[in-house]
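Start at 1 with the first residue, then count along the sequence.
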Amino acid sequence: MLDHSNHPERRTRARHRIASSCTLYLCGTGETCEGILRSLDFGGARVKLNSRNMALSGRVLLRTRAEDQGTFRVVWQNGQEIGLQSLIA
């Protein structure tokens with residue numbers, strides 16, 4: 001379990017916690033990666049990857065079963081968990 005006590009909260013809005021299957025499309029290579037969308041808001045998202053050996057960076061397109069959620073930039077990865085920043089202008 002991660003200890004978040006030393007990491008101040010930087011979000012200005014609450015992030016909605018969810019658990020929905022999703023697919024990440026890597027913009028640079030066209031590869032895909034499956035995962036579980038854990039939280040989402042206008043500024044970003046958190047995804048748990050199904051693959052233990054996947055290292056992601058750069059831009060990704062996030063799609064759930066319902067719809068495309070947009071283009072994001074990978075800003076952190078801790079094992080299977082990744083943090084995404086929205087690239088909405």
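At distances below 3.5 Å, at least one donor-acceptor pair connects side-chain atoms of Asp41 with backbone N or O atoms of Gly44.
Here Asn50 contributes atom CG and Lys48 contributes atom NZ; the two are 8.5 Å apart, rounded to the nearest 0.5 Å. With rounding to the nearest 0.5 angstrom, the OG1 atom of Thr64 is 4.0 Å from the CD atom of Gln69.
Between Cys27 and Thr71 the shortest heavy-atom distance is SG-CG2, 4.5 Å. Taking both residues in full, the closest heavy atoms of Leu37 and Cys22 are given as N-SG, 3.7 Å, listed atom of the first, atom of the second, then distance. The shortest heavy-atom contact between Glu81 and Trp76 is O-CZ3, 3.5 Å.
The side-chain hydrogen bond (donor to acceptor under 3.5 Å, both in side chains) test applied to Thr23 returns Glu34, not counting sequence neighbours. Qualifying side-chain contact (heavy atoms from CB on, under 4.5 Å) partners for Ser51, counting only residues two or more places apart in sequence or in other chains: Asn53, Met54. The side-chain contact (heavy atoms from CB on, under 4.5 Å) search around Gln77 returns Leu49, Ala55, Leu56, Ile82, not counting sequence neighbours. By the salt bridge (Lys or Arg N to Asp or Glu O under 4.0 Å) test, Arg63 pairs with Asp68, sequence neighbours left out. Residues satisfying the side-chain hydrogen bond (donor to acceptor under 3.5 Å, both in side chains) criterion with Thr32, sequence neighbours excluded, are absent altogether.
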Legend entry - Test log, rule side chain to side chain contact (heavy atoms under 4.5 Å, CB included), inputs Val60 and Leu84: CA-CA 9 Å; Val60 297; Leu84 303 173; 3.9 Å; yes
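Ile36 shares a hydrophobic cluster with no other residue; no ILVMFWY side chain has heavy atoms under 4.5 Å from its own.
Val74 and Phe72 end up in the same hydrophobic cluster when Ile, Leu, Val, Met, Phe, Trp and Tyr side chains are linked at under 4.5 Å.
Residues Ser21 and Arg65 have side chains that bring a donor and an acceptor to within less than 3.5 angstrom of each other.
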